[in-house]
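All residue numbers refer to positions in the sequence shown, counting from 1.
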Amino acid sequence: METKKVQAEDEESLPTSTTPLLLNNINTSSSQNKPTLLLNLITCMSLITAITFSLLFFSLSPPSTTTATARHLNKLHHPTVILISSDGFRFGYQHKTSTPNIHRLITNGTEALTGLIPVFPTLTFPNHYSIVTGLYPPHHGIINNFFFDPVTGEKFTMASHESKWWLGQPLWQTVVNSGKIAATYFWPGSEVKKGSWTCDDVKYCKHYNGSVSFEDRVDTVLDYFDLDLDDIPVFMTLYFEDPDHQGHQVGPDDDEVTQAVARIDGIIGRLIHGLEKRGVFEDVSIIMVGDHGMVGTCDQKLIFLDDLASWVEIKSNWVHSYSPLLAIWPPSDSNYSLTDVVAKMNEGLSSGKVENGNKLKVFLKEDLPKRLHYAESDRIPPIIGLVHEGYKVEQSRTGKKECGGAHGYDNEFFSMRTIFIGHGPQFERGKKIPSFENVEIYNLITSILNIKGAPNNGSDSFPQSVLLPKA
């Protein structure tokens, strides 16, 4: 029925568009103009016939069978990947200011159209390690930036490099296992000695030092391409702390963040120009990502645990993290069962008597939405609170006044999304792909490098949907 309606509308429009043209050339009172009328009619019929034939011809023509394939390497002997993280680069930041270098990668590469989805919690260490292992945090062990071992009571911090904390197999280890060379210039977990990865060679593994300039980091990676071809690493990481640093201080909308984004774009330009100078830019696969987004927070968006005292007293030593991920672990000698604590907290929060109480919901970890993949680890505290976007949880009122930015919230919030850009021989130019979770990146990189990866939570078929087939 819809097709017939469109045809009828098209037919009714023909007299409207053609009749005035004919009338302008016809004088009905003069018989000598009849040849002109006949000529006009013949011309119109010829035009309609030509259009009809053209439409018929093209509709019957077989579709093009030409399929784009991966471009051949010109100088390098093997596929090479540079994985870049710009910490806290919220999706949309690439449009905050002029970013010609980032947009060069986008225009001539493949982009996640509405951003890259981080894993939950949307924090720096869990996400960086998910990117390089393809595992959700409960499976790779880094369930927060800070957490406790439930057996020994030891605390994990961002300076903990003992392998017992870091499970799974990161990409640099996978690459070395395949007999190839990997190099890391800062990435959470890269200093950890695991299996074949020793991080003893200062040439290929840099220990974190935040005082090293972004320019020096890029130049060191570029220096690798001055080595003999067989000594060039096939996988390299680059990490930049911005614009996360500025986002926390002033929120995502401040001019300082805009300036930080412009600086990152300049650094990307430095990398591009250095690769071009060496004649390898089109040979190298550059994958640029962030670990999470950022959202503004202010003191009027606060929830205080002490306000729940009429229902249940949440002691400060029960709380492993406050915000944006509320994690509570009552001691075994508590007067309440875990189920009772959750029930009483939610009762108070929904009572209407707790300030902003409706902006927090508390769960036993096994009852969290399955899409969060945040239950299967004994390192995760048994009670988890999900906080609404932009809100914070604190123990008690302190009188402090501050506004800034935060992340760590539910990864369903669009503000937590970051970027994915792929540029190189196996990425189609100008391609847009749907958003996806960052656990897919591990398999994507092993596919580019044509090496066997370790078991992970990503999909084996995902790389086929993103990468060009090999020629």
Side-chain angles (χ1 to χ4, degrees), residues 65-85 101-112 131-132 134 170-185 187 203-204 217-238 267-289 420-433 440-453 460-471:
T65 57
T66 303
T67 302
T69 56
R71 299 177 287 281
H72 293 289
L73 302 182
N74 294 318
K75 185 174 180 179
L76 298 180
H77 291 169
H78 44 65
T80 302
V81 174
I82 301 176
L83 177 62
I84 304 168
S85 170
N101 299 297
I102 292 174
H103 274 85
R104 180 177 176 184
L105 298 180
I106 292 172
T107 301
N108 296 294
T110 297
E111 178 191 28
I131 290 169
V132 295
L171 277 163
W172 42 82
Q173 183 182 355
T174 301
V175 169
V176 172
N177 286 349
S178 71
K180 301 181 185 298
I181 301 172
T184 57
Y185 208 125
W187 197 281
K203 180 179 180 180
Y204 290 122
R217 302 178 197 188
V218 168
D219 291 347
T220 297
V221 167
L222 289 173
D223 287 343
Y224 291 137
F225 292 94
D226 296 329
L227 300 173
D228 291 340
L229 289 177
D230 291 338
D231 293 331
I232 299 174
V234 303
F235 174 69
M236 302 166 231
T237 69
L238 266 173
I267 290 297
I268 298 300
R270 187 183 187 95
L271 176 66
I272 291 173
H273 299 324
L275 294 173
E276 284 182 321
K277 181 179 178 181
R278 291 162 174 81
V280 296
F281 174 57
E282 293 297 339
D283 282 5
V284 176
S285 293
I286 296 175
I287 296 177
M288 182 177 179
V289 298
F420 172 87
I421 305 164
H423 179 284
Q426 295 185 51
F427 289 104
E428 187 172 345
R429 301 184 194 276
K431 183 176 181 178
K432 306 297 181 185
I433 59 176
E440 303 287 1
I441 292 174
Y442 178 91
N443 286 340
L444 190 70
I445 292 177
T446 58
S447 293
I448 293 172
L449 298 178
N450 196 29
I451 59 177
K452 181 177 176 57
D460 290 337
S461 62
F462 177 78
Q464 300 170 20
S465 68
V466 176
L467 300 176
L468 292 168
K470 293 180 174 62

List in chain and number order the residues that pass ring-ring contact (aromatic ring centres under 6.0 Å, His included) with H103, two or more places apart in sequence or in another chain; answer none if no residue qualifies.
-> H95

Under 3.5 Å, is there a donor-acceptor pair between the side chain of S178 and the main chain of I451?
-> no

From CG (N443) to CD1 (I448), nearest 0.5 Å = 11.5 Å

Could you grab the distance from atom CD1 of I445 to atom CG of L83, nearest 0.5 Å is fine?
-> 4.5 Å

Under 3.5 Å donor-acceptor, D283 side chain and L73 backbone | no

Taking T107 for its side chain and R104 for its backbone only, find out whether a donor-acceptor pair lies under 3.5 Å.
-> no

Kindly check if the number of other-residue, nucleotide or ligand heavy atoms within 6.0 Å of NZ (K470) is above 12?
-> yes

R71 side chain vs F427 backbone, donor-acceptor pair below 3.5 Å | yes

Roughly how far, to the nearest 0.5 Å, is the OG1 atom of T184 from the OH atom of Y204?
-> 12.0 Å

Heavy-atom pair with the smallest gap, counting every atom of K452 and T174 = O-CG2, 3.4 Å

Would you call E276 and R270 a salt bridge, using N to O less than 4.0 angstrom?
-> no

Centres of the F281 and H423 rings: under 6.0 Å?
-> yes

Non-hydrogen side-chain atoms of L76 and F225 separated by less than 4.5 Å | yes

Considering only heavy atoms from C-beta outward, does the side chain of P425 approach that of S285 to under 4.5 Å?
-> yes

Which heavy-atom pair separates S447 from L467 by the least distance, and what is that distance?
-> CB-CD1, 4.0 Å

Kindly determine whether V175 and V234 satisfy side chain to side chain contact (heavy atoms under 4.5 Å, CB included), including the steps that lead there.
-> CA-CA 8 Å; V175 169; V234 303; 3.6 Å; yes

Interatomic distance, I421 atom CD1 to I268 atom CD1 [nearest 0.5 angstrom] | 8.0 Å

Tell me, please, which residues at least two apart from F420 pass ring-ring contact (aromatic ring centres under 6.0 Å, His included).
-> F436

Pick one: which of V218, V221, I286 meets side chain to side chain contact (heavy atoms under 4.5 Å, CB included) with I84?
-> I286

L229 and K75: which non-hydrogen atoms are nearest, and at how many Å?
-> CD1-O, 3.8 Å

Side chain to side chain, L222 and L271, heavy atoms closer than 4.5 Å = yes

L275 and I82: which non-hydrogen atoms are nearest, and at how many Å?
-> CD1-CD1, 4.3 Å

Report yes if some heavy atom in the side chain of L227 is under 4.5 Å from a heavy atom in the side chain of K203; otherwise report no.
-> yes

Which heavy-atom pair separates Y442 from G453 by the least distance, and what is that distance?
-> OH-CA, 3.5 Å

So how far is it from L238 CG to M288 CE, rounded to the nearest 0.5 Å?
-> 10.5 Å

Which residue pairs pass the salt bridge (charged side-chain N to carboxylate O under 4.0 Å, His left out) test when at least one of the two sits in residues 221-232, sequence neighbours left out?
-> D226-R278

Shortest non-hydrogen pair, K431 vs S465, comes out as NZ-O, 3.1 Å

Does the side chain of L171 reach to within under 4.5 Å of the side chain of T446, using non-hydrogen atoms?
-> yes

Would you give the length of the straight line joining atom OH of Y185 to atom CE of M236, rounded to the nearest 0.5 angstrom?
-> 14.0 Å

